[in-house]
2 protein chains.
Amino acid sequence: MGIKEKRAHYKEEFRREILNAARELFIKEGCEKFSMRKFADKIGYSPTTIYLYFKNKDELLLAICEEVSEEFLTNLRHIRASQSNPLDALRQALLDFIDFGFENPNEYKVFFFTRLNVYSAPKEFMEKKSMRRDSYLEFRAIVEDCVEAGKLRRMDIDILTQVFAISIHGLLSMTIYNISFPWAERQVLSVALVDGLLRGYRT
Amino acid sequence: MGIKEKRAHYKEEFRREILNAARELFIKEGCEKFSMRKFADKIGYSPTTIYLYFKNKDELLLAICEEVSEEFLTNLRHIRASQSNPLDALRQALLDFIDFGFENPNEYKVFFFTRLNVYSAPKEFMEKKSMRRDSYLEFRAIVEDCVEAGKLRRMDIDILTQVFAISIHGLLSMTIYNISFPWAERQVLSVALVDGLLRGYRT
DNA sequence: ATTATATGTTAACACTGTTAATATAACCCT
DNA sequence: AGGGTTATATTAACAGTGTTAACATATAAT
């Protein structure tokens, strides 16, 4: 290995270390309280150093976002492979989604609420490879399985996929952000939502 | 009228003027770009002056929030009074909700995403009068009408109400915030969601 | 007229993300 | 091995944020 590649390798390694530390602090402190300066302080570097590895805060958050998405994608693939009944797979995917959000509110926030104008145009999102995109496609595939198996109404797959995603997101973002409202018990609310949705689009 | 009350009246009037100006700027500039300093500059006062009328930024945003909620409540009452079929009323309420969000994204943001810890405890939210609370209750009443009329499944009214609210919120917050994703056409997505929901909880 | 209060301002504090200028260390090549 | 180049990290600074303390002035009460 040439010395130049070795250098690039070390840089990449350090980038990952920064990323992991950032994610850790992010989860602990929460989305709103995470600041570049505090983070730099935490890892014992000056704030400007981070900018040598990440263009700006958005890119750092996006990198965290991609990491979380990767875990998510792995889980979706596992569900799809292990469940024989596609409707059960969908149901489990939805419930897992919800559980993940409830258990990791801060990760969920970065997962959905970082300014994702990083992908610039909506069109570009689908063209450029990203864990976020692949997660969507994997989730979409599960929905498609259900339609193909005649379990869900035959309608535009993207519409159907997005309706599911949107509803779950609503549950999570509402209960996570709007914490001063006396929401019903999570478990009950989740099951009511998922069952209602599946019922609403069943054949 | 005593001079003291007159003074209080003037103060209240000025507070409203500030509030209206704030809301206007808020809508134009957007939630994220709204700053106390810029706002103060806009209305020709120093930033500290605003603090004589609003405790802090959160309270100012909350006041805007309450104003928006009031319009919302009015609309809900109108729907409930004018529609004879409760299911039609619910359907229209949901679609109006969506339209409002699409047409006023910035107002929607403040409506749902200001730190509402202002209400401190969830329990307090239901006890203290607020336009937000009354909007919820009015919406809940429409849902209850549907259940009473045997149009919707007989289940916990709050659960049912919250499931609807959550789903619509998901649609709005996703399409408003996550603008880099190639969402399906709004109209189609909205109708698919509302129809699916009503179908999912119908008797 | 003098005291008290209400209203508004300036200056400052403690933050934020980000960049320009600068120092130091590491590597490359002759 | 030494001089030049590049990579890495730092300090200082800019422009912005919400918010408060200290201060001035106009109005009302006594």
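These numbers come from the heavy atoms of this one structure, side chains and all, not from hydrogens, waters or symmetry mates. Computed from a predicted structure; not experimentally measured. All chains are named by letter (A, B, ...) in the order of the sequence lines, taking the proteins before the strands, and each is independently numbered beginning at 1.
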Salt bridge or not for [X] and [Y], using N-O below 4.0 Å?
X	Y	value
B:E127	B:R133	no
B:E24	B:K42	no
A:R23	A:E71	yes
B:D195	B:R91	yes

For the pair A:F139 and A:F164, name the ring-plane relationship: parallel under 30°, tilted 30 to 60°, perpendicular over 60°.
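Aromatic pair A:F139/A:F164 classed perpendicular.
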For the CD atom on B:E12, are there more than 12 heavy atoms of other groups (residues, nucleotides or ligands in this structure) within a distance under 6.0 Å?
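Atom CD in B:E12 is crowded, with more than 12 foreign heavy atoms closer than 6.0 Å.
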How many whole angstroms separate atom [atom1] of [X] from atom [atom2] of [N]?
X	N	atom1	atom2	answer
A:I50	D:dT8	CD1	P	15 Å
B:Y10	C:dG8	OH	C1'	19 Å
B:L52	D:dA26	CG	P	17 Å
A:E32	C:dC15	CD	P	18 Å
A:Y45	D:dT10	OH	P	7 Å
A:D41	D:dT11	CG	P	11 Å
B:E12	C:dA6	CD	P	16 Å

To the nearest 0.5 Å, what is the distance between CZ on A:F102 and CG on A:L171?
4.5 Å
Could you tell me whether A:Y108 and A:F100 have their ring centroids closer than 6.0 angstrom?
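Aromatic pair excluded; centres sit 6.0 Å or further apart.
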Does A:Y53 reach a base, just sugar-phosphate, or nothing at all? Heavy atoms under 4.0 Å.
sugar-phosphate
Between B:L19 and B:Y53, is any pair of side-chain heavy atoms under 4.5 Å apart?
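No; the side chains remain at least 4.5 Å from each other.
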Axis-to-axis angle between the two ends of the helix from C:dA1-D:dT30 to C:dT30-D:dA1 (five base pairs per end, rounded to 10 degrees)
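Rounded value for the end-axis angle: 20°.
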Think A:K11 has a side-chain N or O under 4.0 angstrom from the OP1 or OP2 of D:dA7?
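No, no such contact exists.
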Would you please confirm or rule out a distance under 4.0 Å between OP1 or OP2 of C:dT9 and any side-chain N or O of B:S46?
yes
Which nucleotide in the list D:dT11, C:dG8, D:dT8 gets nearest to the side chain of B:F14?
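Taking heavy atoms from C-beta onward, the closest nucleotide is C:dG8.
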Using a 4.0 Å cut-off on protein heavy atoms (strictly under), produce a 5'-to-3' string for nucleotides 16-23 of chain D with B for base contact, S for backbone-only sugar-phosphate contact, and - for none.
-BBBBB--
